[in-house]
Amino acid sequence: MLDIRFIRENPDLVQRTAQQKRLELSVTDLLDWDQKRRDLLKQIEDLRADRNRLTHAIATNIQQGQPTSTEPLKEQVRQINQQLTLHESALTQANDECEHRMISVPNIVSPDTPVGRDDTDNVEIRRVGTPPVFAFETLDHVQLGERHDLIDIPRGVKAAGSRNYFLKGAGLYLHLAVQRLALDLLTKYGFTAMDVPVMVRPEALTKTGFFPTGADQTFEITGEDKWLVGTSEVSLVSYYSDEIVDVTEPIRLAGMSACFRKEIGSAGRDVRGLYRVHQFAKVEQVVLCANNAEISEQILQEITGHAEEILQLLELPYRVMSVCTGDMSQKTYKQYDIETWMPSRQAYGETHSSSNVLDFQARRSNIRYRDADGKLQFCHTLNNTAVASPRILIPLLENHQHEDGSIYIPKALRPYMGGMQRLIPTTQQ
């Protein structure tokens, strides 16, 4: 949420940002309602002042033994009360109209965010590693999963419908291993590891900026007024909702959780395998820091670097993309996506995302701290996908396959795989 004063002072910037993010919003309409609200507040204050003055005059007249002279004054008070009832009702409507529009106002974007319509307009920042060149006919992750008895998608669909799967044996251990690798790395960097609620109230999603724009991607638990989160960012930020925190040192949190996503709008896209599924697991970085653009920019680079380090430990080639305006969410100020090379696609596929949200979430969630002068300020919040599985299994299996059908296990994962150096195919071919 933006400060209404900022919107009043920068209406063109806010309207332009909404258009660039492809969001429906009329800033003029919002400010009209805001002005009505302010006018009504002033009128109500004036009427209450008049009523207080008249009430005092009535009391004075009674004390002075002039009760008959109070009747005209009492009539004026009755008329003022009638006006107040009408004005207060109008104010309630104006407040509701303002709130309804404010919830749709997007965060502004950083000066170095590229302007574009969708992910095809994202800008590559750097590449790390070289995609492998195979001297044999490669298998995709589904074929590798079947060969090694790691993945069973047909039975996942039978049990739970499309975009579902079972992970089996070493497939499950790989899934857990990448999460433990990420969690241990973040713990080394001072993050507090947390297991979080994955069922939350709708206000938690609103306060963190996932509602209303992301409601169509979120699973509702019917009859419970609860929703399943698509990222532990929701729970981690909500952990401090309505609190005054100490950010002398940034608060670094690492949430490990199951996540759920409808994937509406992706029909026909990435339907094979594990790229777009309804249930997955993530280790998420969330940081709360002082309301200082230089500090939050530094932390954005830091948490992006952690995700890159994990990919380097997994020995996978990747590239970092600066996300354009049209591919950003309502809440985001600046975003990087990391895309990892996936041989079956002959392209890089998104596996990680890093965002600086400035104080957008903290305003909605009412998370504040006291600055050096003791004044309350809203925090900046940031988030990053340290690792998401099973999507990360796609490049992990495909890039590390050998001609004999075996799959190389990166050294960093071996401690979590019982020291296993490679997966041996169940059926030699």
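- Side-chain atoms of E297 and Q301 form a donor-acceptor pair, as typed in the model, at a separation below 3.5 Å.
- Between V387 and L181 there is no side-chain heavy-atom pair separated by less than 4.5 Å.
- Side-chain N/O atoms of N291 and Q377 include no donor and acceptor closer than 3.5 Å.
- Side-chain N or O atoms of S235 include one that pairs as donor or acceptor with a backbone N or O of P197 at under 3.5 Å.
- Taking the six-membered ring where the residue is Trp, the centroids of Y333 and H380 are separated by 6.0 Å or more.
- Q179 contributes atom CD, which lies 11.5 Å from atom NZ of K282 (distance to the nearest 0.5 angstrom).
- The backbone N or O of L167 lies less than 3.5 Å from no partner atom in the side chain of H175, so there is not a single donor-acceptor pair.
- For the pair H400 (side chain) and L314 (backbone), a donor-acceptor distance under 3.5 Å is present.
- Counting heavy atoms from C-beta outward, Y240 and L253 have side chains that approach closer than 4.5 Å.
- Side-chain polar atoms of E302 and Y189 form no donor-acceptor pair below 3.5 angstrom.
- Within the 3.5 Å criterion, the main-chain N or O of T332 finds no donor-acceptor partner in the side chain of N356.
- No side-chain heavy atom of L393 sits less than 4.5 Å from a side-chain heavy atom of H141.
- Here R5 pairs with D3 in a salt bridge; the nearest charged N to carboxylate O distance falls below 4.0 Å.
- Partners of L13 according to the side chain to side chain contact (heavy atoms under 4.5 Å, CB included) rule, which considers only residues two or more places apart in sequence or in another chain, are F6, N10, R16, T17, I108.
- A cation-pi arrangement is not found for R127 relative to Y348, the charged atom failing to lie both closer than 6.0 Å to the ring centre and inside a 45° cone about the ring normal.
- Under 4.0 Å is where a charged nitrogen must lie from a carboxylate oxygen, and between R101 and E97 at least one such pair does.
- Take D242 and apply the salt bridge (Lys or Arg N to Asp or Glu O under 4.0 Å) test, not counting sequence neighbours, and it matches K207.
- Under the salt bridge (Lys or Arg N to Asp or Glu O under 4.0 Å) criterion, R201 pairs with no residue at all, not counting sequence neighbours.
- A salt bridge does not link R117 to D121: none of the charged nitrogens lies less than 4.0 Å from a carboxylate oxygen.
- The closest side-chain donor-acceptor pair between T113 and S110 falls under 3.5 angstrom.
- The ring of W227 has its center no closer than 6.0 angstrom to the ring center of F210.
- Here the side chain of N95 pairs no donor or acceptor atom with the backbone of Q93 at under 3.5 angstrom.
- Shown are Q43, K36, Q35; of these, the side chain to side chain donor-acceptor pair (under 3.5 Å) with D39 is made only by Q35.
- E99 has no carboxylate O lying under 4.0 Å from a charged side-chain N of R37, or vice versa, which leaves the two without a salt bridge.
- Salt-bridge check for D46 with K42: passed, with a basic side-chain N closer than 4.0 Å to an acidic carboxylate O.
- No donor-acceptor contact under 3.5 angstrom links the side chains of S238 and S241, judged on distance only.
- The number of heavy atoms from other shown groups lying within 6.0 Å of CD (E88) is above 12.
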Quiz item: What do the steps show when you test H352 against Y318 for ring pair (Phe, Tyr, Trp, His ring centres under 6.0 Å), and what is the final call?
Solution: CA-CA 10 Å; H352 301 71; Y318 65 89; 8.2 Å; no

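- Under the 6.0 Å cut-off for aromatic ring centres, H306 and F191 qualify, their centroids lying closer than that.
- Using modelled atom types and a 3.5 Å distance limit, the side chains of D337 and N122 yield no donor-acceptor pair.
- Here the side chain of E350 pairs no donor or acceptor atom with the backbone of E339 at under 3.5 angstrom.
- Two residues are said to be in side-chain contact when any heavy atoms from C-beta on lie closer than 4.5 Å; L139 and E146 fail this criterion.
- Distance alone, capped at 3.5 Å, places no donor-acceptor pair between the R391 side chain and the T351 backbone.
- Between R180 and D184 there is a salt bridge, with a side-chain nitrogen of the basic residue lying less than 4.0 Å from a carboxylate oxygen of the acidic one.
- When S355, S296, S354 are each tested for a side-chain contact (heavy atoms from CB on, under 4.5 Å) with L382, only one passes: S296.
- In terms of modelled atom types and a separation under 3.5 Å, the side chain of D34 and the main chain of L30 share no donor-acceptor contact.
- Between the side chain of K21 and the main chain of S329, a donor-acceptor pair closer than 3.5 Å is present.
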Exercise. Show your reasoning for whether salt bridge (charged side-chain N to carboxylate O under 4.0 Å, His left out) applies to R363 and D359.
Key: CA-CA 6 Å; R363 282 186 179 277; D359 61 0; 3.2 Å; yes

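- In the displayed structure, H402 atom NE2 is contacted under 6.0 Å by more than 12 heavy atoms of other residues, nucleotides or ligands.
- At least one donor-acceptor pair under 3.5 Å links the side chain of Q143 to the backbone N or O of D140.
- Around the OH atom of Y173, the shell of radius 6.0 Å holds no more than 12 heavy atoms that belong to other residues, nucleotides or ligands.
- Between K331 and E233, at least one side-chain nitrogen of the basic residue sits less than 4.0 Å from a carboxylate oxygen of the acidic one, meeting the salt-bridge criterion.
- E24 and S104 form no side-chain donor-acceptor contact under 3.5 Å, judged by distance and modelled atom types alone.
- By the 4.5 Å heavy-atom criterion applied to side chains, K262 and T218 are not counted as neighbours.
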